[in-house]
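Throughout, a chain's letter reflects where its sequence line sits, starting with A, and its residues are numbered from 1.
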There are 2 protein chains.
Amino acid sequence: MVRADARENRARILAAAREAFAEDGDTSMNQIAQRAGVGPGTLYRNYPNRDALVLAINQEEIERLTGSVDQLLAASPPVEALRLWTIDLVAAMRAKNGLGDALSPAAHKAITEQSYGPVIEAITSLLDAGKRDGVIRSDAEPGDFLQLTGALWRAAPERTESILALILDGLSVRPR
Amino acid sequence: MVRADARENRARILAAAREAFAEDGDTSMNQIAQRAGVGPGTLYRNYPNRDALVLAINQEEIERLTGSVDQLLAASPPVEALRLWTIDLVAAMRAKNGLGDALSPAAHKAITEQSYGPVIEAITSLLDAGKRDGVIRSDAEPGDFLQLTGALWRAAPERTESILALILDGLSVRPR
DNA sequence: TTGCGATCTGGAGAGGTCTCCGTTAACGTA
DNA sequence: TACGTTAACGGAGACCTCTCCAGATCGCAA
């Protein structure tokens, strides 16, 4: 049983965090707590660290991304679908402050059901489609791919396309 | 003209930092300052941030790495040389706390002559050798490659080889 | 309605990075 | 040698993330 006041606090924190991040992506946890009218302790009780809060705030964005996979696969060949999806993902990582870090595999010794898991599943779907068509190496690992996207959003935006092309090339099956 | 006491302080800081990092890779800047017998202000005057200090401490390791390129290229074909060198680099990034971050291109809007620059040069040599032999794409960028190594040291150690293989594959010229 | 666990709260504070700036002391000059 | 200039010093402190826990509060059972 979740106490009513606790649930309400949680909602207030989320709302405050959304507002704060919208105004300034560099908002501190303390500022968010203050804005929500709770102490830092309460903030951290609900979201054990910054990454957790960032993931919670961007939940919808992540659902949009993971939800777009089927459509992309229906409209494009697997590798192209993967390329388009990844560009979308990287754009989100850049736009939403801290999202790239929060989704990094390093942040998830214990995997987050709500966010990290679905993203890995989305990548798995995309890779599997390519494997079925024989255009993506059968040993390609979703976790490795997500790890590599880290290089994409950290790089200068104008480098994104070429680095991604390189990664996709490495994932592709060589013509014989 | 550098004041004598300043030069001595600089040396003491470096020595203290080396010791401190050897004992515990997570040493704080304050601890290092204290150990060196200077105030935090003096520490930061000499090394404007943690990355700068980490680079200074690992200067020799970086020189060893950049110095090993010629030998590798003499002994192995370019792609294999690049592979071996990168494994060495990634091992160093993992072993020396903070070195991976400090060498990340993101940390160098203003490039560090002493450390970051030479590493880029080393990568350039390795890539150029491959380009001359027609086995590496002529549009391969050293900065992009360094960016991608970030994914290597951040990943679990047992994933290093396979992710690196993928990157090298992406860099290679496709057989026709 | 009241009582009483169990749950939740908030803020003090530990320990971090890094800045600011009044004070100190090195060193060229006379 | 004495002095003025000025680079260098160091610590107080701003602001950060995150922890700990004494006390407040909720909601079930009687």
Side-chain angles (χ1 to χ4, degrees), chain A residues 1-17 20-21 23-58 96-104 106-110 112, chain B residues 1-17 19-21 23-57 96-104 106-110 112:
Chain A
M1 191 66 214
V2 180
R3 264 165 60 168
D5 58 335
R7 187 172 43 249
E8 214 210 292
N9 267 334
R10 200 165 212 280
R12 272 224 312 287
I13 288 170
L14 213 51
F21 272 104
E23 283 173 21
D24 170 14
D26 267 352
T27 324
S28 80
M29 296 296 269
N30 279 347
Q31 277 168 35
I32 291 167
Q34 197 165 15
R35 185 165 196 148
V38 302
T42 302
L43 173 52
Y44 278 92
R45 150 175 284 267
N46 283 280
Y47 302 98
N49 53 48
R50 177 171 260 272
D51 285 345
L53 181 58
V54 168
L55 287 181
I57 287 173
N58 293 294
K96 313 293 181 176
N97 217 290
L99 186 55
D101 280 324
L103 281 178
S104 146
H108 296 270
K109 314 262 169 166
T112 308
Chain B
M1 188 65 212
V2 180
R3 262 165 59 168
D5 58 335
R7 186 170 48 248
E8 214 210 292
N9 267 334
R10 202 165 211 281
R12 271 224 311 289
I13 288 170
L14 213 51
E19 283 170 32
F21 273 105
E23 283 173 21
D24 171 14
D26 267 352
T27 323
S28 80
M29 296 296 270
N30 279 347
Q31 277 169 34
I32 291 168
Q34 196 165 15
R35 186 166 196 146
V38 302
T42 302
L43 173 52
Y44 279 92
R45 150 176 286 269
N46 283 280
Y47 302 98
N49 52 48
R50 177 170 259 273
D51 285 345
L53 181 58
V54 167
L55 287 181
I57 287 173
K96 313 293 181 177
N97 217 291
L99 186 55
D101 280 324
L103 280 178
S104 145
H108 295 270
K109 314 261 169 166
T112 307

>> So, using side chain to side chain donor-acceptor pair (under 3.5 Å) as the criterion, who are the partners of D5(A) when residues are at least two apart?
In response: R3(A)

Let me know the distance between [atom1] of [X] and [atom2] of [N], rounded to the nearest Å.
X      : N       : atom1 : atom2 : value
R12(B) : dA8(D)  : CZ    : P     : 15 Å
Y44(B) : dG13(D) : OH    : P     : 18 Å
L53(A) : dC18(D) : CG    : P     : 10 Å
E8(A)  : dT9(C)  : CD    : C1'   : 14 Å
I32(B) : dT17(C) : CD1   : C1'   : 12 Å
R45(B) : dT19(C) : CZ    : C1'   : 12 Å
L43(B) : dG16(C) : CG    : P     : 13 Å
D51(B) : dC18(C) : CG    : C1'   : 13 Å

Across the strands shown, which category fits [X] at heavy-atom distances under 4.0 angstrom: base, sugar-phosphate, nothing?
X      : value
N9(B)  : sugar-phosphate
T42(B) : base
Q31(A) : sugar-phosphate

Heteroatom pairs (N/O) under 3.5 angstrom, protein to nucleotides 20-30 of chain C:
{"unit_1": "dC27(C)", "atom_1": "OP1", "unit_2": "A4(B)", "atom_2": "N", "d": "2.8"}

Flag the pair [X] / [Y] as yes when at least one side-chain heavy-atom distance between them is below 4.5 Å, and no otherwise.
X       : Y      : value
R35(A)  : E23(A) : yes
L103(A) : L55(A) : yes
L43(A)  : L53(A) : yes

>> Using heavy-atom distances to pick each residue's nearest nucleotide on DNA chain D, tell me which of N30(B) and N49(A) is more 5'.
In response: N30(B)

>> Rounded at 0.5 Å granularity, tell me how far CG in N46(A) sits from CZ in R10(A).
In response: 5.0 Å

>> Quick check for you: to the nearest 0.5 Å, what is the distance between D51(B) atom CG and L99(B) atom CG?
In response: 9.5 Å

> So which heavy atom on I32(B) is nearest to which on F21(B), and how close?
Replying inline: CD1-CE1, 3.7 Å

